[in-house]
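Below is one structure; the comments refer to it alone.
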Number of protein chains: 2
Amino acid sequence: MTTSRNASTIRDVARLAGVSVATISRYLNNSAPLSADTAERVQTAMTELDFSPHPAARSLASNKTNAIGLVLTEIGGEFYTPLLRGIESVTSAEGFDLLIHSTKTKAPPSGPIKRRPLSENNTDGLLVFIDALDEVELIRLKKVKFPVVLIHQSSPKGLEIPMVTIENQSGSQKVVDHLIEEHNCKKIAFIQGPANNEDSKGREKGYRLSLKNHGISFDPNLVVIGGFESAQAYEAVRKLIKRGISFDAIFTGDDDNAIGVIQALNEASRRIPEDVAVAGFDDSLFARLLTPPLTTVKAPNEQVGAEATRQLIKLIRGESATLQTVLPVEMIIRRSCGCKQ
Amino acid sequence: MTTSRNASTIRDVARLAGVSVATISRYLNNSAPLSADTAERVQTAMTELDFSPHPAARSLASNKTNAIGLVLTEIGGEFYTPLLRGIESVTSAEGFDLLIHSTKTKAPPSGPIKRRPLSENNTDGLLVFIDALDEVELIRLKKVKFPVVLIHQSSPKGLEIPMVTIENQSGSQKVVDHLIEEHNCKKIAFIQGPANNEDSKGREKGYRLSLKNHGISFDPNLVVIGGFESAQAYEAVRKLIKRGISFDAIFTGDDDNAIGVIQALNEASRRIPEDVAVAGFDDSLFARLLTPPLTTVKAPNEQVGAEATRQLIKLIRGESATLQTVLPVEMIIRRSCGCKQ
DNA sequence: TTGTATTATGTAACCGGTTACTGAAACCGG
DNA sequence: CCGGTTTCAGTAACCGGTTACATAATACAA
């Protein structure tokens with residue numbers, strides 16, 4: 001079905017205002033000075049006809065889409081909603097449309113034509129969330145000078161694509177500092193996130209740095225890969241206990257992991273925080289609802305989205321963007337570390 | 001900044017293949033039969049030039065955008081991510097772009113021009129989430145026969161706009177049945193959601209129906225408005241207790257409410273489920289993490305999104321859509337109602 | 001007063017597709 | 001072998017904006 005083509009065009013407005021189409025266009029885009037008189041006649045005609053410029057025509061003629069694309073591998077996770085809210089608030093405020101595409105979902109049965117879902121064809125710039133685009137595509141985009149900003153992922157070497165992320169390292173360092181300094185922990189286990197994940201690497205660095213600063217030697221036995229899911233973390237802790245490795249605290253790569261950790265500790269009758277202090281990362285919605293409530297690090301997801309979008313819009317406007325933006329995190333002290341009771 | 005215009009066009013392909021542009025277009029859209037020979041030459045030329053049709057040109061000429069718009073008041077809530085995932089999976093699979101706009105965020109400082117953010121101008125159809133568009137706009141869209149599907153909201157009288165929602169009523173009825181039949185509850189308090197919310201109304205209906213079916217008379221003292229937030233529910237339960245109203249179960253309009261309910265009961269030293277059984281609605285992520293784990297009703301948010309999108313695409317293709325789609329919910333039994341220990 | 005710079009506006013080509021209309025060739029039955 | 005279909009392909013107008021270029025009108029300097 002095709003919508004009836006009844007909307008008024010720039011030529012209708014021109015006719016009614018008694019001027020040429022060029023004048024209307026100039027008025028619309030403020031691209032040249034108009035006499036006060038003309039401007040008023042144009043405005044009157046426009047309101048009269050309830051004129052609204054046709055985006056496709058505009059886009060075709062000007063080679064601008066007025067849209068920003070967000071590409072991610074998968075729509076999911078708790079960070080997702082605030083991130084999107086941040087992005088949307090800026091695109092809206094700046095008058096851009098927001099296009100979303102998940103690269104995980106299968107492509108349409110496209111027949112013979114190759115349709116690039118989100119690209120320089122239908123957007124003015126791309127927001128790329130962790131690994132949503134492979135390096136080949138990033139290189140291609142860089143080569144054609146298409147604006148791109150990476151989120152929670154740093155630029156491949158040499159490409160110099162601006163990126164926005166959070167203080168993974170110092171955030172995790174602060175928590176571990178806290179465990180050591182306030183709760184006198186000495187043997188802190190670390191449940192890593194996914195091995196190749198950049199966030200997870202930064203968090204490990206912070207962990208190691210804190211240990212080092214406090215003269216505690218790094219013990220590889222205390223570090224386990226946990227993914228970002230509770231089941232893996234649960235298994236990891238059970239294994240730790242089974243192998244008889246002693247620890248007085250567990251710091252997890254994210255809050256989901258903490259769920260599994262708490263479960264495993266409960267089953268092993270280790271009390272939290274008396275026997276083992278626990279801390280997470282993310283400040284997920286449920287963190288305060290766990291028993292005991294989870295000490296963790298709050299990631300400013302909404303700001304990440306907003307800031308990345310602002311940077312992208314700068315690029316689109318031809319201004320230069322900040323290559324690395326690292327937003328601060330906040331430690332949230334609750335009971336699982338031993339504070340407050 | 002404008003991307004350099006270096007991509008190949010339909011005319012380049014035509015030249016290379018030694019045919020006319022019309023032929024290329026026909027091949028692209030399968031709009032007329034081509035001889036096997038020509039088809040092959042066209043395909044070769046297309047791959048050779050890495051041709052990808054320009055969406056704006058296509059859209060301008062055909063008056064189709066190949067995009068679907070999602071309008072909502074606010075980006076937030078736990079249902080949001082799965083809903084969006086459902087929508088995106090279908091739009092992707094069917095080759096549509098997905099545009100998102102929140103009507104809550106303020107419009108750009110648009111100057112003199114009126115820009116309708118998401119409309120028949122830049123989409124082929126609109127998915128409208130609860131109250132994101134007012135009735136005036138819905139009427140306008142209906143009048144110009146623009147495809148619209150409502151989500152979790154029924155069509156204003158007379159408009160006959162297709163809608164997709166969940167079994168609020170029977171879901172809530174089942175839970176209350178369960179409380180009465182399995183746990184012998186007689187005085188079941190109901191913490192309502194927001195007063196004008198359609199979901200919340202349906203859930204109340206189910207509550208009343210279940211009472212009626214079991215010969216329990218409806219007691220207005222046991223029904224309190226709670227919004228969809230835990231703080232209000234917390235206050236509501238405190239008030240109930242303070243007023244000395246006795247109850248042996250609380251059914252809440254959603255899981256967030258249940259958090260406040262549990263807190264208030266804990267503070268009043270009423271044991272869950274021994275003294276008071278508790279049940280919620282939504283099966284939020286945290287439901288299983290509460291103490292005790294919450295008995296609730298699982299809403300198929302992802303399917304809602306997918307189904308609404310499918311209906312919309314039908315409309316876009318000129319087929320007829322189902323006016324009312326009500327997706328089934330599933331009762332999730334955990335411990336807060338008294339089951340399993 | 002005349003020549004020139006400046007400003008406001010118009011004309012028409014163009015962006016890259018789609019498609020109505022037209023025509024040539026192939027096919028078919030009698 | 002001929003008139004009538006059917007099939008395949010080309011020409012060019014069109015979608016609704018933008019903008020390079022041209023021009024008329026006005027301002028200004030000498």
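Order of the sequence lines fixes the chain letters, A, B, ..., with proteins taken first and strands second; residue numbering starts at 1 for each chain. Please read these numbers as outputs of a predicted model, since none were measured by experiment.
- Taking atom CG of B:N30 as the reference point, atom P of C:dT19 lies 13 Å away to the nearest angstrom.
- Whole-Å rounding puts the A:H54 NE2 to D:dC14 C1' distance at 13 Å.
- Between the P atom of C:dC15 and the CG atom of B:D12 lies a distance of 11 Å, rounded to the nearest Å.
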**OP:** Check the pair B:D97, B:N66 against side-chain hydrogen bond (donor to acceptor under 3.5 Å, both in side chains), reporting the backbone distance first and the verdict last.
**Re:** CA-CA 6 Å; B:D97 283 336; B:N66 229 43; over 6 Å; no
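- What separates CZ of A:R11 from C1' of C:dT11 is a distance of 11 Å, to the nearest Å.
- Here A:R26 pairs with nothing under the salt bridge (charged side-chain N to carboxylate O under 4.0 Å, His left out) rule; sequence neighbours left out.
- At most 12 heavy atoms of other shown residues, nucleotides or ligands fall within 6.0 angstrom of atom CD in B:Q324.
- In the helix from C:dT1-D:dA30 to C:dG30-D:dC1, the terminal helix axes, each the rotation mapping four pairs' C1' atoms onto the next four within five end pairs, subtend 40°, rounded to 10°.
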**OP:** Give the C-alpha distance, both sets of side-chain angles, the deciding distance and a yes or no for side-chain hydrogen bond (donor to acceptor under 3.5 Å, both in side chains) between A:T325 and A:T322.
**Re:** CA-CA 7 Å; A:T325 308; A:T322 312; 4.5 Å; no
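- Rounding to whole angstrom units, OH of residue B:Y27 and P of C:dG17 are separated by 16 Å.
- At whole-Å resolution of the value, CD in A:E40 and C1' in C:dA8 are 17 Å apart.
- For B:R15, the salt bridge (charged side-chain N to carboxylate O under 4.0 Å, His left out) test picks out B:D12, with sequence neighbours left out.
- For the pair A:I24 CD1 and C:dA12 P, the interatomic distance rounds to 18 Å; values are reported in whole Å.
- Within the structure, every pair that satisfies the ring-ring contact (aromatic ring centres under 6.0 Å, His included) test and touches residues 64-89 of chain B, not counting sequence neighbours, is listed here: B:F79-B:F129.
- One can place CG of B:N63 at 11 Å from C1' of C:dT18, the figure rounded to the nearest angstrom.
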Original post:
Could you run down nucleotides 4-11 of chain D 5' to 3' and tag each one B, S or - for protein heavy-atom contact under 4.0 Å?
Top reply: ----SBBB
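- Residues that satisfy the side chain to side chain donor-acceptor pair (under 3.5 Å) test with A:S20, not counting sequence neighbours, are A:T23.
- Using a 4.5 Å cut-off on side-chain heavy atoms (C-beta onward), A:L84 and A:L70 make contact.
- Residue B:T9 has no polar side-chain atom (N or O) positioned under 4.0 Å from OP1 or OP2 of C:dG16.
- Listed pair A:R58 / D:dT18 meets the phosphate criterion, a side-chain N or O lying under 4.0 Å from OP1 or OP2.
- Annotation: A:D37, atom CG; neighbour count of heavy atoms from other residues, nucleotides and ligands within 6.0 Å is above 12.
- Between B:N29 and the phosphate of C:dT18, there is a side-chain N or O to OP1/OP2 separation shorter than 4.0 Å.
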